[in-house]
Asker: 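Structure in structure tokens, see below.
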Number of protein chains: 2
Amino acid sequence: MTGPKWQQIADKLRASIADGTRAPGSQLPTEADLVTKWAVSRPTARQALTALANEGLITSRPPRGWFVRERRPVYYRPQAEGHSVATSPEMDSFMGEHSAEGRQPRQDIEVAIVTPVPPVAQRLRLEPGEAAVVRRRVRYLDGEPFNLNDSYFPRDLVAGSEIMDPAEIARGANRVLAELGFRQERVLDEFHVRMPTPQEVSRLALAPGTPVAAHIATGVTAEGKPVRVVHNVLAGDRHVIVYERPMPPIENTESSDHE
Amino acid sequence: MTGPKWQQIADKLRASIADGTRAPGSQLPTEADLVTKWAVSRPTARQALTALANEGLITSRPPRGWFVRERRPVYYRPQAEGHSVATSPEMDSFMGEHSAEGRQPRQDIEVAIVTPVPPVAQRLRLEPGEAAVVRRRVRYLDGEPFNLNDSYFPRDLVAGSEIMDPAEIARGANRVLAELGFRQERVLDEFHVRMPTPQEVSRLALAPGTPVAAHIATGVTAEGKPVRVVHNVLAGDRHVIVYERPMPPIENTESSDHE
DNA sequence: GAGTGGTCTAGACCACGTA
DNA sequence: ACGTGGTCTAGACCACTCG
């Protein structure tokens, strides 16, 4: 028995979740139960429960009680989305584990002309105040929102094109961009791992204690001109990010005892 | 004035942090201040503060008070670690932003023979109970731990080799593995975004509300044999994960309006 | 109506740095 | 010595859903 009482309670419950004693979806003791079992006041019992909720392990479903959370992540493959990219046998074997098969996708689209937030403007190399076209999407799986997808394009490039229609583009925005003379040659992906903003919490219906990955993809042409910045917010508990890469031949260089 | 009082307080403080009114590193009002300013009890004021702490925005430094957290992320490039990979001009321009330049790296190494946890055993295709060699490292920057790095190798492959020495391998574990006849041809990277376990919190000295990215890299030979699994835990607030990829030529295929 | 969690109060004592 | 946050108590009232 070490540490504050609320931590002892939380530790005990956490262990029983980790070792499978309490299965995903199962109900935890009620707050009243904990109060009597541990001889503490209700705020103390609640402190233990909210701590676990903030770790993403449990969630409350009033007025039913507290429950162990379940996870059903889908694979998120920046290299593959919208393109046909060969997958290796290893990758295929993983995909079965938790794939999106049999789940119903849906998306809402909205188009706007905006002055992008600084991180986006910087990556598009826009002058301060310069406008961009943004295609905002919320993507759903089985009716649950699971990622926010905002694609930005410099306004001059796409004005009057199909990209400004708030409808799905069957052949893809990238293709439209290429037809306009701005074929992307390479993409830079960045991932920021953080807790969500309140807006993200509500748009993604995130449970307390759910982190997000912000994926910022910058597409540039052969000339190095950035023509597209995608700002993607992924619910952490609903995604596994996957990349496949070749291992370069090992040269005679310094330490590679790193990774 | 909408929602519970503690949320109103949290919203107000969050907004002042977001818009820069409260700069990183600056001190927030004391709990006593909030109690009088908002006419609430201390637990209510504390609820607002701990909520912000769980979002990773603020942290308490007893007995000084509450402070806005600062961030100094470093770039994490799975493609480049230990290898010389050319960076594009775009990437270079980003690197200046927050790079690890001038910061002091250090690492602790420890080698053990273990039966890996299921996720690792599965990726190494080990039989149940089969042993593996693990090189555990904690990596520091400026004395702060910022990532946990556990590299697993099937025991049979590396028994008696240099890999079992708890010392840095100048030419790299990958090279040693290649010399043993197991050159990796490709690597599968997975990233899981989640809240840390208590062990990870203490090993990484994580502040409350700091998520982590678990990076699992599986290296396979040309024959498809997995010979190395790296389990990396990155402190979310200290890393930006970066990839660079070529954009494949656009074919005549269905929707690529995705990414 | 009974039971659940959500919110809130008004105190209390403690450990710990700073001055 | 003082002020800070950390912990804890013993209540209270509310909204909500379920049987």
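In what follows, chains carry the letters A, B, and so on, assigned in the order in which the sequence lines appear, proteins first and then strands, with residues in each chain numbered from 1. For the numbers below, each heavy atom of this structure counts, side chains included, while hydrogens, waters and symmetry mates do not.
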Asker: Does NZ or CZ of A/R238 fall inside the cone over A/F146's six-membered ring, less than 6.0 Å from its centre and within 45° of the axis?
Answerer: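 Checked: cation-pi criterion not met.
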Asker: Using only modelled atom types and a 3.5 angstrom limit, is any donor from either the side chain of A/R64 or the base of C/dG3 paired with an acceptor on the other?
Answerer: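 There is none.
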Asker: What is the distance, to the nearest angstrom, from the CD1 atom on B/I9 to the P atom on C/dT7?
Answerer: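 Distance check: B/I9 CD1 to C/dT7 P gives 13 Å.
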Asker: Give a yes-or-no answer on whether the side chains of A/R69 and A/T59 include a donor-acceptor pair shorter than 3.5 Å.
Answerer: no
Asker: Nearest whole angstrom, please: distance from the C1' of C/dG5 to the CD of B/Q47.
Answerer: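 The distance from CD of B/Q47 to C1' of C/dG5 comes to 13 Å, rounded to the nearest Å.
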Asker: Taking side chain as C-beta onward, heavy atoms only, is B/L204 less than 4.5 Å from B/P196?
Answerer: no
Asker: Taking atom C1' of C/dG5 as reference, at what distance in whole Å does atom CH2 of B/W6 sit?
Answerer: 14 Å
Asker: Does C/dG3 have OP1 or OP2 sitting under 4.0 Å from an N or O in the side chain of A/T30?
Answerer: no
Asker: Give the rounded distance in Å between these two atoms: CZ of B/F67 and C1' of C/dG17.
Answerer: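 Interatomic distance, CZ of B/F67 to C1' of C/dG17: 12 Å.
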Asker: Please report the distance, rounded to the nearest Å, between CD in A/Q8 and C1' in D/dG6.
Answerer: 15 Å
Asker: Have a look at the helix from C/dG1-D/dC18 to C/dT18-D/dA1 and give the angle its two end axes make, five pairs each, rounded to 10 degrees.
Answerer: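 Nearest ten degrees gives 0° for this helix.
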Asker: Does OP1 or OP2 of D/dT9 have a side-chain N or O of A/T44 closer than 4.0 Å?
Answerer: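 For D/dT9, OP1/OP2 do have a side-chain N/O of A/T44 under 4.0 Å.
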Asker: Look at the side chain of B/R42 and the base of D/dT7, then say whether one donor and one acceptor between them are separated by less than 3.5 Å.
Answerer: yes
Asker: At under 4.0 Å between heavy atoms, what does B/R61 touch on the DNA or RNA strands: base, sugar-phosphate, or nothing?
Answerer: nothing
Asker: Can you see whether A/N147 engages A/Y76 through a side-chain donor-acceptor pair at a distance of less than 3.5 angstrom?
Answerer: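 Not at all, the side chains of A/N147 and A/Y76 share no donor-acceptor pair under 3.5 Å.
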Asker: Any non-hydrogen side-chain atom of A/Q122 less than 4.5 Å from a side-chain atom of A/P116?
Answerer: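 The answer is no, as the side chains (C-beta and beyond) never meet within the 4.5 Å cut-off.
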Asker: A/K5 has an atom NZ; how far is it from atom P of D/dT7, in whole Å?
Answerer: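 Between P of D/dT7 and NZ of A/K5: 13 Å.
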Asker: Test your reading of the model: is there a side-chain donor-acceptor pair from B/D33 to the backbone of B/T30, 3.5 Å cut-off?
Answerer: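 Yes, the answer is positive, given that a donor and an acceptor are paired below the 3.5 Å cut-off.
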Asker: Nearest whole angstrom, please: distance from the P of D/dC8 to the CZ of B/R46.
Answerer: 11 Å
